[in-house]
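Whatever order the structure lists them in is the order used to number ligands and atoms, beginning at 1.
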Amino acid sequence: MQQQFNYDVLIIGSGAAGLSLALQLPKDKKVAVISKRELNAGSSWRAQGGIAAVLDPADSVESHIQDTIVAGANLGNPKAIRFTVENAKQSINWLIDQQVPFTEETADSSGYHLTQEGGHSHRRIIHAADRTGLAVSETLINRAQEADNIDLLTHKVAVDLITNAKSGLPGNRCIGAYILDQQSGHVDAYHAQAVALATGGASKVYLYTSNSDGSSGDGIAMAWRAGCRVANMEFNQFHPTCLYHPKAKSFLISEAVRGEGGKLLLANGEPFMQRFDERLELAPRDIVARAIDHEMKRLGDDCVYLDISHRGKAFILEHFPTIYQRCLEYGIDISQDPIPVVPAAHYTCGGVITNEQGLTDIDGLYAIGETAFTGLHGANRLASNSLLECFVYAQSAAQHMVANWQPNADINDINAWDESQVTDSDEDVILSHNWDELRRFMWDYVGIVRTNKRLTRAQHRVDLLLGEINEFYSNYRVTSDLVELRNLAVVASLIIASARQRKESRGLHYTLDYPHSANVARNTILTPPNYLWN
Ligand code: FAD
Ligand code: SIN
């Protein structure tokens, strides 16, 4: 039977962004944090390298700002960058207060070991060995489980947002969400005074990715359908180094491996980064990923190699225990042998447009973490700025919610989910087929190197798929697979539309038809048909 639930704050997503927001809200607010899979299903859990912050007295806020601007190919919003970088230290202190076990280094003036990653001109990445995400997530989950005001709810899939407009009420406000309970199979209505999308990115739209299966851009698609604008969806970051092995599904080899001296090599042992950028292996990610893609295509090779063996086994075991162990399981001893690597889709730089407080175009609706577009990343995200963005904006969103607390529509005003017109599907093969087709053409046509022709082809394919998927959605009962496929198709169409609008190459968007950057850097802003202009 369908049910109704009432919360003060509904947070969709249990990653770094969602959990931090929940923990920063006052204890008198009743909070639900929902996750469509287990609590540890998102990207946060997988994060390896660490969190960027100025913690060394020899480093400076101005330098971190400058590195972020340069990596973002001059498209980042200087105000958002300064806001994030200036709040970084405070966020790290908050994490330390929550008892995150960061790796310590007594020789370091900050007290913690700081590693180096591409695009950073200083060592400024605080980390917990090579499993920072796990350390942060476990700690935050523990704290949330201890809090009486927070309900952590798993296997609940948000299908769509509930707005005043959808409920026939006046105003432009979000008042909850429809949520599929995977156990009962019913879609329940969750009513809340404030709703936060913390649903992570959309890298699953590509065939090869470092992300887990749930990165299907649900928050971006839901916000778009509800009437929010999105920006810069063409900037999909490909991480240069994911393990290349037939049995290794989406395992990342952290950029910190290059930060600690790892060299990129061709199959014959020849280094090649010197031909692409004077910063060599520590050039920003877009440059390194394109260089690898170029060499693989030029030589017809399946991968390149990353060699850290010269640092010796003791160093490798201390700094990269997870990567060492995982590679060993696939028969690669990284203290002896180079690691076969390929680029894979890693991070969604664009997203739902928000202000400095995480507020979207709809009152009461916030977006934080990878699902949001704050303006921080510009055309390419600087390594380890993503977790940082989760923490900084979780805090500002929490403060804004509390300062602008407004009672919403009554729970009785919300319409129950209508499933009177639908039946159970007997053709789920359509879902798996469309899922595969979508991710393959996105990889082939909207990947690291683009052209007008490829983008037009992708547009035709996605239009066809959207038609089929929407028909399926109207006729059959929702399942989590259908929800994700529908959202992936929406996000793919937003990526393609944004890429087609950008008549230049900049950062992660590289097209053979316009190989140079325009003189003026502009964001690509897409406006949904139901956007309410003020
Ligand atoms: P996620 O952690 O992805 O969480 C999303 C949550 O939303 C999940 O709980 C998911 O179940 C839930 N969800 C999604 N859709 C729905 C729905 N419809 N209904 C209900 N729940 C839903 N960044 C760094 O800064 N430093 C790093 O070292 C680093 N390493 C990385 C390594 C890997 C392998 C990957 C993949 C990413 C890495 N990143 C790193 C990027 C960073 O981890 C992510 O950008 C960040 O963790 C995103 O956090 P989030 O809270 O926004 O989303
Ligand atoms: C990594 O460890 O290479 C990932 C860092 C990031 O995505 O910022």
Distance filter under 4.0 Å to [X] heavy atoms, resulting ligand 1 atoms:
{"X": "Ile12", "answer": "19 (N), 20 (C), 21 (N)"}
{"X": "Gly49", "answer": "28 (O)"}
{"X": "Tyr347", "answer": "45 (O)"}
{"X": "Gly369", "answer": "52 (O)"}
{"X": "Ser14", "answer": "6 (C), 8 (C), 9 (O)"}
{"X": "Asp218", "answer": "15 (N), 16 (C), 17 (C), 18 (N)"}
{"X": "Val157", "answer": "18 (N), 19 (N)"}
{"X": "Ile34", "answer": "20 (C), 21 (N)"}

With sequence neighbours excluded, tell me which residues meet salt bridge (charged side-chain N to carboxylate O under 4.0 Å, His left out) with [X].
{"X": "Arg285", "value": "Glu255"}
{"X": "Glu86", "value": "Arg82"}
{"X": "Asp181", "value": "Lys156"}

Name the orientation class of the two ring planes belonging to [X] and [Y] (parallel below 30°, tilted from 30 to 60°, perpendicular beyond 60°).
{"X": "Tyr208", "Y": "Trp443", "value": "perpendicular"}
{"X": "His346", "Y": "His239", "value": "perpendicular"}
{"X": "Tyr476", "Y": "Phe472", "value": "tilted"}

### Query
When you measure from the side chain of Lys36 to the backbone N and O of Thr154, does any donor-acceptor pair fall under 3.5 Å?
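Checking the backbone N and O of Thr154 against the side chain of Lys36, no donor-acceptor pair under 3.5 Å is found.
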### Query
Is there side-chain contact between Trp45 and Leu39, with at least one heavy-atom pair below 4.5 Å?
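The answer is no, as the side chains (C-beta and beyond) never meet within the 4.5 Å cut-off.
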### Task
Taking the side chain as every heavy atom from C-beta outward, state whether Val159 and Trp417 have any atom pair closer than 4.5 Å.
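Yes, side chains in contact.
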### Query
Do any nitrogen or oxygen atoms of Glu370 lie less than 3.5 angstrom from nitrogen or oxygen atoms of ligand 1?
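Min N/O separation from ligand 1 is below 3.5 Å for Glu370.
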### Task
Would you please write out the protein residues whose heavy atoms approach any atom of ligand 2 to under 4.0 angstrom, listed by chain and number?
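Only Gln48, Gly49, Glu117, His239, Leu252, Ser254, Glu255, Arg285, His346, Arg381, Ala383, Ser384 have heavy atoms that fall under 4.0 Å of ligand 2, ordered by chain and number.
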### Task
Measure Arg381 to ligand 1 on non-hydrogen atoms and call it side chain, backbone, both or neither using the 4.0 Å cut-off.
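Answer for Arg381: side chain.
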### From Lys249, Arg37, Arg439, residue fulfilling salt bridge (Lys or Arg N to Asp or Glu O under 4.0 Å) relative to Asp213
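When Lys249, Arg37, Arg439 are each tested with Asp213, the salt bridge (Lys or Arg N to Asp or Glu O under 4.0 Å) holds only for Lys249.
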### Nearest candidate to atom 47 (O) of ligand 1, where distance is taken over non-hydrogen atoms, out of Gly200, Ala198, Ser44, Ser212
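It is Ser44 that holds the nearest heavy atom.
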### Qualifying residue, where the test is side chain to side chain donor-acceptor pair (under 3.5 Å) with Tyr347 and the options are Gln237, Glu370, His377, Arg381
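Result: among Gln237, Glu370, His377, Arg381, His377 is the only option passing the side chain to side chain donor-acceptor pair (under 3.5 Å) with Tyr347.
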### Message
Check for me whether Glu38 has a heavy atom closer than 4.0 Å to any atom of ligand 1.
### Response
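It does not; every heavy atom stays at 4.0 Å or beyond.
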